[in-house]
Amino acid sequence: MPKVIIAEKPSVARAIAHVLGVSGQQNGYIGNIHSENGTVVTWAIGHLVTLAMPEDYGISGFKRENLPIMPEPFRLIPRQTKKGKEMVVDSGALKQLNTIKELFEKCDEIIVATDAGREGELIFRYIYQYLNSNKPFKRLWISSLTDKAIKNGFENLKKGSEFDNLYQAARSRSQADWLVGINASQALSIAAGSGVYSLGRVQTPTLAMICKRYLEHKNFQIQTYFQIQVEAEVERKSLKMLSDKKFEDKESGQDALEIVRRNKLEITEVDTRTVREEPPLLYDLTGLQKDANKQLNLSADETLAIAQSLYEKKFISYPRTGSRYISEDIWEEIPALVETLLVYAPLKEQVKLLLKNRLNKRGVNDLKVTDHHALLITDNTVSGLSPKEESIYKLIASRMLETFSAPCEKEVTTLKARSREFLFSARGVNVIEAGWRAVSGMFDNENSEEPEISLPYVENGEKYTVQSAQLLEKQTKPKPLHTEASLLSAMEHAGKELENEDERKAIKESGIGTPATRASIIETLFSRDYIERQKKSLVPTTKGLKVYEAVKEKRIADVAMTGMWENTLLKIENGEMSSETFDKSITIYAKQITDELLAMDFPKDKKELLVCPKCQKETVKLFGKVAKCSDETCGWLLFRNVCGKTLSEIDVKEILTNKKTSLQKGLKSKAGKTFDAYIVLKEDGSTEFEFPKKNSRSSRKR
């Protein structure tokens with residue numbers, strides 16, 4: 001019986017073909033459908049089929065009368081790519097689609113082996129629907145690409161219909177993003193009157209989080225305060241304590257300081273207790289991305305790409321997981337996985353120590369495992385990794401060892417003391433058993449939230465002479481600017497800062513975005529020129545702030561609303577809600593935000609009129625990638641990306657008014673060499689480079 005197995009990528013298809021013994025590389029697939037076995041393995045190369053754009057429905061340009069655009073039904077088209085100003089069908093995608101179509105027509109059964117998650121299901125179902133196939137299909141559902149996992153998966157294929165709810169959630173999400181993104185973006189662009197702006201169902205609330213934090217930070221009023229630090233000697237050990245009171249002015253602090261210096265320090269309370277600190281749970285994707293950003297300075301998108309590479313190389317389990325737990329059946333495999341690391345030099349000693357003790361089962365919970373369990377290594381011995389892959393693998397392996405290690409036991413001592421009417425405190429931490437914290441050595445002052453600080457032994461009622469006392473000047477601090485790590489956390493726990501309790505509960509489990517999509521949402525904000533990096537911090541650009549100020553009170557920027565949509569999608573996925581209910585709600589929502597945005601008074605920029613250097617009649621309009629004459633027949637155009645550097649608005653104005661920019665530094669030639677040059681406007685409207693005099697040999701045309 002001829003079968004077609006369809007994977008998401010060629011590399012995965014090759015892994016499956018190898019395990020199943022399917023051979024014979026063809027154009028777009030592996031195997032021979034006419035052979036005795038009759039099994040072939042093909043692939044999708046990501047999203048081969050996508051939702052049609054407005055132009056495909058005969059709607060061109062941004063026109064008020066066209067909005068809202070509500071396709072009924074939605075149409076599917078082969079993936080498109082940009083060619084000049086137009087979108088054209090991706091020839092590679094169309095070729096592969098035709099190959100898949102021929103194979104589907106010749107087979108009796110399809111086995112779906114796209115990534116086992118929402119997007120993987122959507123990739124296959126859109127292809128299946130576009131090709132009008134009615135062949136029966138089964139589902140391969142695995143959490144790693146090891147030979148063992150693939151074999152077990154094929155021995156336990158699932159009915160395709162078991163994943164109908166997953167598909168409905170994915171389809172609803174895809175169409176919702178289209179309705180909100182297309183209509184909101186066009187509506188805002190029309191309201192603005194010039195330029196093209198992008199809004200999105202998750203993108204805009206995420207931008208709002210960044211802008212709100214940035215403005216809070218920028219407008220924060222720093223306040224200076226003072227605290228007294230005293231030091232006494234106890235059996236040749238130093239005891240430092242800090243005043244509970246914070247003095248608003250230096251004068252009152254100095255007065256108190258003189259009193260403290262003249263009096264003894266009396267211990268009023270000694271509280272010592274043993275604390276058991278349970279190990280952290282295993283990584284889900286968001287947790288991995290947060291730690292990779294904090295510790296390795298990797299972006300969320302980079303981390304996902306590296307994790308995906310490790311997955312395809314069979315070294316880790318499926319990375320796009322939202323669970324931090326494993327099930328009981330996976331627990332049985334953990335001792336063997338831990339032993340795999342005995343030959344992994346960076347963690348060999350930690351593994352030896354762990355194997356002497358009983359493994360901790362805290363991360364095992366069948367009820368909290370969703371489509372996929374938490375991130376784990378596989379039983380394959382790692383080799384041939386790039387430095388970044390090595391770093392991510394070590395993070396995942398270390399966390400696995402931590403999770404299955406014993407709790408950390410600490411003795412925490414809190415001291416209270418008095419000097420006349422002034423109260424002082426100190427806190428000490430003494431590690432009894434390092435437990436899981438020994439894996440990564442997390443008790444130094446840099447890495448630990450609570451470093452090991454030893455206090456001398458004192459008893460209640462004892463009095464000590466103050467050896468020294470000083471007035472410390474301190475300042476209040478604003479919440480730090482968002483980093484990718486803190487933004488991912490804010491997206492994951494978006495409801496925490498909501499004042500409305502019902503709204504908080506509604507999005508507690510979902511946040512905004514999903515583990516698989518949050519990285520791409522952040523990257524979208526970069527690509528739209530809405531945010532930029534300043535070292536590790538994320539800050540909005542002028543354009544990003546302008547959009548935020550315009551829409552911050554609108555439905556499109558509502559974090560709670562977006563979180564509730566995510567929660568609804570989870571309910572569809574779990575079969576607790578009908579997708580039709582969600583679709584109707586989104587349709588109403590899309591109409592509401594469109595009307596709201598079209599009616600708004602968008603702040604207009606006061607821009608000086610720049611005359612076209614070619615026709616000398618019309619004005620020049622500035623866009624993200626080009627500056628061009630407002631008269632299409634004139635055709636004057638200036639590309640703003642020059643040798644790897646984007647010309648600012650000031651640079652463009654200088655070209656048009658002074659015929660020459662300031663010195664542009666760090667330009668890159670096609671050969672990859674950097675150089676500095678002025679950009680000069682010629683009489684015919686074209687531009688050329690002019691080099692600084694000390695290096696000047698000749699002008700070179702661009």
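Numbering starts at 1 and runs along the sequence shown. Keep in mind that the numbers below use all heavy atoms, side chains included, and drop hydrogens, waters and symmetry copies.
For the pair Leu207 and Cys211, the minimum side-chain heavy-atom distance is below 4.5 Å. Residues Glu549 and Leu215 form a side-chain contact, since some pair of their non-hydrogen atoms from C-beta on lies under 4.5 Å apart. Put simply, the side chain of Tyr589 does not reach to within 4.5 Å of the side chain of Asp558, judged on heavy atoms. A heavy-atom distance below 4.5 Å is not found between the side chains of Arg427 and Ile453. In this structure, Phe226 and Leu472 have side chains that are not in contact, with every pair of non-hydrogen atoms separated by 4.5 Å or more. Contact annotation: the side chain of Ile210 never approaches that of Tyr548 to less than 4.5 Å [non-hydrogen atoms, C-beta and beyond]. Residues Thr206 and Leu487 have side chains in contact (heavy-atom distance under 4.5 Å, counting atoms from C-beta outward).
Atom CG in Leu395 sits 10.5 Å away from atom CD in Glu390 (nearest 0.5 Å). With rounding to the nearest 0.5 angstrom, the OG atom of Ser468 is 7.5 Å from the CD atom of Gln229.
A side-chain donor-acceptor contact under 3.5 Å links Arg362 to the backbone of Pro279. Of the possible donor and acceptor atoms, none in the side chain of Glu576 sits under 3.5 Å from a partner among the backbone N and O of Lys571. Panel note: side chain Ser405, backbone Leu401; a donor-acceptor pair is recorded below 3.5 Å. Proximity of a side-chain donor or acceptor of Arg320 to a complementary backbone N or O of Pro515 within less than 3.5 Å is not detected. Proximity of a side-chain donor or acceptor of Gln295 to a complementary backbone N or O of Ala292 within less than 3.5 Å is not detected. At least one donor-acceptor pair closer than 3.5 Å links the side chain of Asn293 to the backbone N or O of Leu298. Here the side chain of Asn380 pairs a donor or acceptor atom with the backbone of Lys314 at under 3.5 angstrom.
One finds a salt bridge joining Glu278 and Arg276 here, because a Lys/Arg side-chain nitrogen approaches an Asp/Glu carboxylate oxygen to under 4.0 Å. Look at Glu566 and Arg201 and you find a salt bridge, because one of the NZ, NE, NH1 or NH2 atoms lies within 4.0 Å of a carboxylate O, short of that distance. With respect to Lys416 and Asp271, no salt bridge is recorded, no charged nitrogen being found less than 4.0 Å from a carboxylate O. In summary, Arg437 and Glu277 engage in a salt bridge, as defined by a charged side-chain N under 4.0 Å from a carboxylate O. Salt bridge status for Lys245 with Glu421: absent, with no side-chain N to carboxylate O gap under 4.0 Å. Of the charged side-chain nitrogens involved, none lies within less than 4.0 Å of a carboxylate oxygen, so that Lys352 and Glu339 do not count as a salt-bridged pair. Glu233 and Arg236 are not joined by a salt bridge, as no carboxylate oxygen comes within less than 4.0 angstrom of a charged side-chain nitrogen.
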Salt bridge (charged side-chain N to carboxylate O under 4.0 Å, His left out) between Arg173 and Glu119, intermediate numbers included: CA-CA 10 Å; Arg173 196 276 311 153; Glu119 284 307 296; 2.5 Å; yes

Residue pair Glu473, Lys250: steps toward the salt bridge (charged side-chain N to carboxylate O under 4.0 Å, His left out) verdict: CA-CA 8 Å; Glu473 183 176 325; Lys250 191 171 185 178; 5.0 Å; no

Verdict with reasoning, Thr146 to Thr378, per side-chain hydrogen bond (donor to acceptor under 3.5 Å, both in side chains): CA-CA 7 Å; Thr146 62; Thr378 66; over 6 Å; no

From CA spacing to verdict: side-chain contact (heavy atoms from CB on, under 4.5 Å), Ile377, Tyr393: CA-CA 8 Å; Ile377 64 163; Tyr393 180 84; 3.7 Å; yes

Steps toward side-chain hydrogen bond (donor to acceptor under 3.5 Å, both in side chains) verdict (Asp249, Ser252): CA-CA 6 Å; Asp249 60 272; Ser252 59; 3.2 Å; yes

Verdict with supporting geometry, Arg273 and Glu411, salt bridge (charged side-chain N to carboxylate O under 4.0 Å, His left out): CA-CA 6 Å; Arg273 59 186 65 187; Glu411 187 178 74; over 6 Å; no

Derivation of the side-chain hydrogen bond (donor to acceptor under 3.5 Å, both in side chains) call for Ser419 and Glu266: CA-CA 6 Å; Ser419 176; Glu266 181 184 358; over 6 Å; no

Steps toward side-chain hydrogen bond (donor to acceptor under 3.5 Å, both in side chains) verdict (Ser520, Thr517): CA-CA 5 Å; Ser520 64; Thr517 61; 5.4 Å; no

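For Leu239 against Leu415, the heavy-atom pair with the smallest separation is CD1-CD1, 3.8 Å. Smallest separation of non-hydrogen atoms from Leu281 and Gly363: CD2-CA, 4.1 Å. In plain terms, the two heavy atoms of Val260 and Val230 that are nearest each other are CG1-CG1, 3.4 Å. In terms of heavy atoms, Asp115 sits closest to Tyr311 at OD1-CE2, 4.3 Å. In terms of heavy atoms, Thr524 sits closest to Ser527 at O-OG, 2.8 Å. Closest non-hydrogen pair, Ser391 versus Leu296, comes out as CB-CD1, 3.6 Å.
Counting non-hydrogen atoms of other residues, nucleotides and ligands closer than 6.0 Å to NZ of Lys554 gives a total above 12. The environment of CD in Glu235 is sparse: at most 12 heavy-atom neighbours from other residues, nucleotides or ligands sit within 6.0 Å. In this structure, Glu251 places its CD atom where only 12 or fewer heavy-atom neighbours from other residues, nucleotides or ligands lie under 6.0 Å away. The environment of Glu248 atom CD is sparse: at most 12 non-hydrogen atoms of other residues, nucleotides or ligands sit within 6.0 angstrom.
At a cut-off of 3.5 Å, with distance as the only test, a side-chain donor of Ser198 or Gln203 sits close to an acceptor on the other residue. A donor-acceptor contact closer than 3.5 angstrom links the side chains of Ser425 and Asp244. Side-chain N/O atoms of Ser440 and Glu402 include a donor and acceptor closer than 3.5 Å. Checking Arg518 against Thr286 by side-chain atom types alone, a donor-acceptor pair falls below 3.5 Å. In the model, Thr413 has a side-chain atom that pairs as donor or acceptor with a side-chain atom of Thr272 under 3.5 Å.
Checking Leu354, Val364, Thr403 one by one against Leu359, the side-chain contact (heavy atoms from CB on, under 4.5 Å) holds for a single residue, Leu354.
A cation-pi arrangement is not found for Lys474 relative to Tyr225, the charged atom failing to lie both closer than 6.0 Å to the ring centre and inside a 45° cone about the ring normal.
Residue pairs meeting the ring pair (Phe, Tyr, Trp, His ring centres under 6.0 Å) criterion with at least one partner in residues 400-427, sequence neighbours excluded, are Trp331-Phe404. Counting only residues at least two apart or in different chains, side chain to side chain donor-acceptor pair (under 3.5 Å) contacts with residues 529-543 comprise Glu484-Arg533.
Qualifying side chain to side chain donor-acceptor pair (under 3.5 Å) partners for Lys264, counting only residues two or more places apart in sequence or in other chains: none.
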